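Some notes on the structure that comes next.
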Amino acid sequence: MGSFISSSILLLFLLFPTIIQHAKPAMSLPLSTNSRWIVDEEGRRVKLACVNWVSHLEPVVAEGLSKQPMDMIAKRIVTMGFNCVRFTWPLFLITNDSLASLTVRQSFQRLGLLESIAGIQSNNPSIIDVSLIKAYQAVVSSLGKNDVMVILDNHLSKPGWCCSNFDGNGFFGDQYFNPDLWITGLTRMATLFNGVTNVVGMSLRNELRGPKQNVNDWYRYMQKGAEAVHSANPDVLVILSGLSYDSDLSFIQNRQVQLSFSGKLVFEVHWYGFSDGQAWVTGNPNQVCGRVAKDMMRRSGFLVDQGYPLFVSEYGVDQRGTNVNDNRYLNSFLGVAAELDLDWALWTLVGSYYLREGVIGLNEYYGLLNYNWCETRNSSFIERISALQSPFRGPGLSETKLHKVIFHPSTGLCVIRKSFLDPLRLGPCADSESWSYSSDKTLLVKGTYFCLQADESGTLAKLGIFCSDSNSKWEMIADSKMHLSSKLRNGKSICLDVDSSNAIVTNSCKCISKDNTCDPASQWFKLVDSTRSRSEEQSFLHFDSIFDLPGKGFLSNLMVGSI
């Protein structure tokens, strides 16, 4: 009998070969919006998977150019999987004549940064004696030559580190934030980059804040700024930030932005672990995740349901991996970002700064690159976010019918199965099984009769075809809604988990409430909507086309029992 089944499975291979992996289509610029999605000129979704590159500090030169050639940095951005850079700039770069007239050499000389001058002379000699704005343009050009999109982000007015409530850069009418000068600067910058095809968007202002902030002035000036940018450069996306350090757009629920144009408006939000102090350390991770995620949806996430793209233009963590607050926050953030399939920009590319807050050569531990900009600081982090660098769904991406993937934020991987003989395990989301989640809480491998089942605590999760018992029902539990929980036949509740070899197992549910000393990360999963096809479309478990063939009863007999 075993030989007969093996022969039959071999026949399936011969009759139904795997489909060659789809080539990734090139995008067609400029970009626009279609409801909550950003799309290219052909109407196909483009997911912004960006990294922030800083150019707004006192030297007013893109960081890192004393360490590596800009083309090498651009190529490294691409090899790390990013398609976009959020490129910061200070308003005075384009509005203050005495600053704008400085060359790169002169800018560093006035700050006494002689070592940086030598580094730029060595690594990027073509910009050392050009004006600061020409150097900025050169970086944008280098990114364009490497097919990297750019979002120009007006980070502040006076060059320096951002941000505080009383730095004079926070809100319209502050010492360095003249609204008319700001609109002039936006207009000049939009005009300067009109026709530069890889400049796909402009962020009007970073992290509005401070005692003067108010909703009425937000509408008054942000709408003026948006109109100015669109008039000067109708190709770019117009990206609006919120209040309270760009954490709050809740006021949009009751009062829409009124613009003369359409198809270009994007909202942005920032979300860090430290935004909630040390809550991730002092509180129970499930409860903190539930509270913070709910607050994020109330303050900004609702926009996707209202039909607007939401761009998380800053998030990030200490790349050393030792910050418990950041680590727990990141697990929650990645779960939400995957579930909503958000566009985003990581803070930051920067490995070290020329000069930050009076410190020469400050090491940036949130930076992807190391101090010398020659290697990644934490390669496992890059692997972890790679699944979110591609879209799960959106216009033009209906490669397969809508289904679920089971995403594991702690690893950035998804639940896969290689064969009948192998257990369920974590692997690249591009190879994920397609699941359906029914109203009776059953997780079925799409196109088959197989459902996810729990056996006993501490054992491998399995697939079976008898799906009516309690051990085949899975609920998202805890405040985080990130634990997949089932009940064994003896009534005990267990949760899906991952063992040390990345096999999918079931264990007692952990850290559900109160306890702040344990970490539930291995048991956190998200059911993510996807229309993305597998890299190898037909797996051992996909029989939807087979069942339509004559003799389907014979093939069904191959699928009896649990595997």
Side-chain angles (χ1 to χ4, degrees), residues 22 24-33 36-40 44-54 73-88 140 143-144 146-153 198-201 203 237 239 266-272 304 309-317 319 330 333-350 366-369 376 378-397 405 407 409 411-414 428-430 526 528-532 535:
H22 296 290
K24 187 176 181 180
M27 69 187 71
S28 178
L29 301 174
L31 302 181
S32 59
T33 65
R36 61 148 296 188
W37 309 108
I38 294 170
V39 297
D40 66 12
R44 181 181 176 90
R45 187 190 174 189
V46 174
K47 182 170 184 175
L48 299 179
C50 313
V51 65
N52 281 274
W53 193 350
V54 171
I73 296 172
K75 284 179 167 55
R76 185 170 288 276
I77 290 169
V78 175
T79 61
M80 291 189 295
F82 300 97
N83 62 8
C84 163
V85 161
R86 180 176 179 251
F87 195 25
T88 69
V140 172
L143 290 167
N146 286 280
D147 296 322
V148 178
M149 297 179 290
V150 174
I151 291 170
L152 308 177
D153 166 58
N198 70 309
V199 174
V200 298
S203 263
L237 299 172
I239 305 172
V266 176
F267 290 99
E268 64 176 308
V269 66
H270 293 177
W271 185 4
Y272 287 101
V304 299
L310 181 62
F311 175 42
V312 184
S313 56
E314 286 187 27
Y315 78 97
V317 294
Q319 292 287 319
L330 184 63
F333 170 82
L334 293 179
V336 174
E339 184 177 39
L340 297 179
D341 203 4
L342 296 171
D343 301 272
W344 49 262
L346 179 74
W347 188 273
T348 173
L349 177 70
V350 174
Y366 273 56
L368 282 177
L369 300 180
T376 55
N378 184 346
S379 60
S380 64
F381 178 85
I382 301 296
E383 296 168 3
R384 188 173 169 190
I385 64 171
S386 63
L388 302 189
Q389 290 176 319
S390 298
F392 286 104
R393 55 196 168 100
L397 298 179
V405 298
F407 176 69
T411 59
L413 302 173
C414 290
C429 289
K526 274 289 185 183
V528 177
D529 285 333
S530 177
T531 56
R532 184 194 294 176
S535 57

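Remember, it's a predicted structure, so these values are computed and weren't measured experimentally. Numbers here are sequence positions counted from 1.
- Summarising the geometry, atom CZ belonging to Phe311 is positioned 9.5 Å from atom CH2 belonging to Trp344; distances are rounded to the nearest 0.5 Å.
- The CZ atom of Phe407 lies 4.5 Å from the CG atom of Leu388; values are rounded to the nearest 0.5 Å.
- Judged by distance alone, the side chain of Asn52 and the main-chain N or O of Leu346 form a donor-acceptor pair under 3.5 Å.
- Using a distance-only test at 3.5 Å, with no hydrogens or angles considered, a donor-acceptor pair links the side chain of Asn198 to the main chain of Val148.
- Across Cys50 and Asn83, no two heavy atoms sit closer than the pair N-OD1, 4.5 Å.
- When atom types are taken as modelled, the side chain of Ser530 and the backbone of Phe392 share a donor-acceptor pair closer than 3.5 angstrom.
- Summarising the geometry of Val528 relative to Ala338, their closest heavy-atom pair is CG1-O, 3.3 Å, with the distance given to 0.1 Å.
- Separation of atoms CZ (Arg44) and OG (Ser28) is listed at 12.0 Å; rounding is to 0.5 Å.
- Contact annotation: the side chain of Val200 never approaches that of Ile38 to less than 4.5 Å [non-hydrogen atoms, C-beta and beyond].
- Annotation for Ile239 and Phe267: closest pair CG2-C, 4.5 Å, computed over non-hydrogen atoms.
- Counting only heavy atoms from C-beta outward, the side chains of Leu152 and Val199 approach each other to under 4.5 Å.
- Under the 3.5 Å distance criterion, the side-chain polar atoms of Gln389 are matched with a main-chain donor or acceptor of Met80.
- Phe333 places none of its side-chain heavy atoms less than 4.5 Å from the side chain of Leu342.
- A salt bridge links Asp343 with Arg45: the distance from a Lys NZ or Arg NE/NH1/NH2 to an Asp or Glu carboxylate oxygen falls below 4.0 Å.
- Remark: the backbone N or O of Ser390 is paired with a side-chain donor or acceptor of Arg532 at under 3.5 angstrom.
- The CZ atom of Arg86 sits 13.5 Å away from atom CG of Leu349, with the distance rounded to the nearest 0.5 Å.
- Between atom CZ of residue Arg36 and atom CG of residue Leu310 there is a gap of 8.0 Å, rounded to the nearest 0.5 Å.
- In this structure, Thr348 OG1 and Tyr366 OH are separated by 12.0 Å, a value rounded to the nearest 0.5 Å.
- Using a 4.5 Å heavy-atom cutoff, the side chains of Asp153 and Thr88 are in contact.
- Counting heavy atoms from C-beta outward, Trp37 and Leu397 have side chains that stay 4.5 Å or more apart.
- Between Ser32 and Leu237, the shortest heavy-atom distance links the atoms CA-CD2, 3.8 Å.
- When all heavy atoms of Gly412 and Cys429 are compared, the closest pair comes out as O-SG, 3.9 Å.
- Closest approach of Cys84 to Ile151, counting heavy atoms only: SG-CD1, 4.0 Å.
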